[in-house]
Amino acid sequence: MKRRYRLLAFGLCASLLGLANSAAAQDDYPSHAVKIIVPFPAGGTSDLMGRLIAEVLGRQLKQPFVVENKGGAGGAIGSDQVARSAPDGYTLLLSGIGSNAIIHAFKSAPPYDSNKDFVHISQLAAGPNVLVVNPSFPAKTFKEFIAWVKAHPGKFDYGQVNASSGHLTTEYLKQVAGLDMVGIPYKGGAPALTDVLSGQINGMFTNQDAALPHVKSGNLRALAVTSAERNPLYPDVPTVAESGYPGFTAVSWTGLSAPKGTPDAVVKKLETAMVRGFADPAAKAKLEATGFVVVAQGSVPYTKFVQSEIARWEDVVRKSGIQLGN
């Protein structure tokens, strides 16, 4: 009997010691380098966002935050890697509209569930898509564009990167405006934009940072932005909403997420560091210089936002009947 009590006491002490060590580890977080998986190749907008977050969090939390690019399958490969990682705060995900919202709308769903398999720590930024056309295209305004497409059904061809925010924005506009346009598939936004510039295709919706230098040079014409309000770097370009389609918005967004089960204390540290770090004028300026709006906020609003985006784009995909690979 005494031996049994001694064993029980030993087990209880070990459990308490384990809890104490776990709490201490959370208090000391981060005690070594943290990895941020960017689920897209280096050099693009997502990579830029990931490296900005790494820089700011490293400065805030006094440990290296290192970006690892893990592209493929529309962001699903890198995102799934994070979902399966240890929930200790040392492997984080650059989450975003494509890999954490749009991708769930298709029948070939990813192996992870963005509503269940992640803790969403904070949104970082949002930016509009911009409808751009080659300057040789007849329409000079968005309203003229709508009129031309309706008068020439099936004649406007556009760059389509499957499951991208630009792709779904186009499908959304086709639905609300009743347009018949033809998507030309591309593996990425850069080659599609190259063909718009050369006049091989008429136009496309693309991220505002990618289009900006070409619009400034006059090699592309911007007809509309998809944010609720005009973008500061496109002050003369109207929104779709103000051009006859009230309530139309479609923004590309990114944020920071972690595997489900990450301790609350760790999430809170990261959340606080994100909000405080991107309130700094210098950090905000880096994003705003390319037309993004900084929306660094906490876990609760970001989680609700991700849920609403999944539901929203599922509805667009359902109505359009599109599927990955089509």
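All values derive from a computational prediction rather than experimental measurement. Values below: every heavy atom of this structure, side chains too, minus hydrogens, waters and symmetry copies.
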Taking C-beta and beyond as the side chain, do Thr239 and Arg230 meet within less than 4.5 Å on heavy atoms? yes
Which distance, rounded to the nearest 0.5 Å, do you find between the CG of Asn100 and the CG of Asn115? 9.5 Å
Begin with the C-alpha distance, continue with both residues' side-chain angles, and end with the deciding distance and a verdict on side chain to side chain contact (heavy atoms under 4.5 Å, CB included) for Tyr302 and Leu124. CA-CA 9 Å; Tyr302 187 35; Leu124 169 60; over 6 Å; no
Taken to the nearest 0.5 Å, the spacing of Ile36 CD1 from Arg51 CZ works out to 10.0 Å
Run the numbers on Glu309 and Trp253 for side chain to side chain contact (heavy atoms under 4.5 Å, CB included), then give the verdict. CA-CA 10 Å; Glu309 285 286 278; Trp253 50 266; 2.8 Å; yes
Gln307 atom CD: more than 12 heavy-atom contacts under 6.0 Å: yes
How would you list, by chain and number, every residue that makes a salt bridge (charged side-chain N to carboxylate O under 4.0 Å, His left out) with Lys286, sequence neighbours excluded? Glu55
Does any non-hydrogen side-chain atom of Val56 lie less than 4.5 Å from one of Met274? no
Flag yes if Phe248 and Val225 sit in one hydrophobic cluster, no otherwise; membership is Ile, Leu, Val, Met, Phe, Trp, Tyr, and two members link when side-chain heavy atoms are under 4.5 Å apart. no
Under the side-chain hydrogen bond (donor to acceptor under 3.5 Å, both in side chains) rule, what do Tyr158 and Thr206 come out as? Steps first, then yes or no, please. CA-CA 11 Å; Tyr158 61 91; Thr206 189; over 6 Å; no
What's the verdict on salt bridge (charged side-chain N to carboxylate O under 4.0 Å, His left out) for Asp264 and Lys268, showing C-alpha distance, side-chain angles and the deciding distance? CA-CA 6 Å; Asp264 290 343; Lys268 187 62 179 177; over 6 Å; no
Transitive ILVMFWY cluster of Val293, excluding itself - 4.5 Å side-chain cut-off: Val295
Counting only N and O atoms by type, is there a donor-acceptor contact under 3.5 Å from the side chain of Asp195 to the main-chain atoms of Ile201? no
Would you say the side-chain atoms of Glu171 pair up with the backbone N or O of Val316, donor to acceptor, closer than 3.5 Å? no
Distance-only check: which donor-acceptor pairs under 3.5 Å involve side-chain atoms of residues 148-155, not counting sequence neighbours?
| unit_1 | atom_1 | unit_2 | atom_2 | d |
| --- | --- | --- | --- | --- |
| Lys150 | NZ | Ala177 | O | 3.3 |
| His152 | ND1 | Trp148 | O | 2.8 |

Please examine the side chains of Phe118 and Ser95, heavy atoms only from C-beta on, and report whether any two atoms are closer than 4.5 Å. no
Tell me, do Leu94 and Ile53 make a side-chain contact under 4.5 Å, heavy atoms counted? yes
Is Val240 reachable from Phe156 through a run of hydrophobic residues whose side-chain heavy atoms are each under 4.5 Å from the next? yes
Go through it in stages, so that I can follow the logic: the residues are Ser122 and Leu270, the test is side chain to side chain contact (heavy atoms under 4.5 Å, CB included), and I'd like the CA-CA distance, side-chain angles, deciding distance and then a yes or no. CA-CA 8 Å; Ser122 176; Leu270 290 165; over 6 Å; no
Which of parallel (below 30°), tilted (30 to 60°) and perpendicular (above 60°) describes Trp313 and Tyr172? perpendicular
Quick check on the hydrophobic clustering: are Val275 and Phe65 connected, directly or via other members, by side-chain heavy-atom contacts under 4.5 Å? no
Distance from Ile103 atom CD1 to Ile97 atom CD1, nearest 0.5 Å? 12.5 Å
Under the ring pair (Phe, Tyr, Trp, His ring centres under 6.0 Å) test, which residues partner Tyr245, sequence neighbours left out? none
With the 4.5 Å side-chain cut-off for hydrophobic clustering, are Val82 and Val66 part of the same group? no
Among all residues two or more places apart in sequence or in another chain, which pass the ring pair (Phe, Tyr, Trp, His ring centres under 6.0 Å) test with Phe278? none
Between Ser114 and Ile310, does a side chain to side chain contact (heavy atoms under 4.5 Å, CB included) hold up when you go through it step by step? CA-CA 9 Å; Ser114 291; Ile310 291 172; 4.0 Å; yes
Ring pair (Phe, Tyr, Trp, His ring centres under 6.0 Å) partners of Phe40, counting only residues at least two apart: none
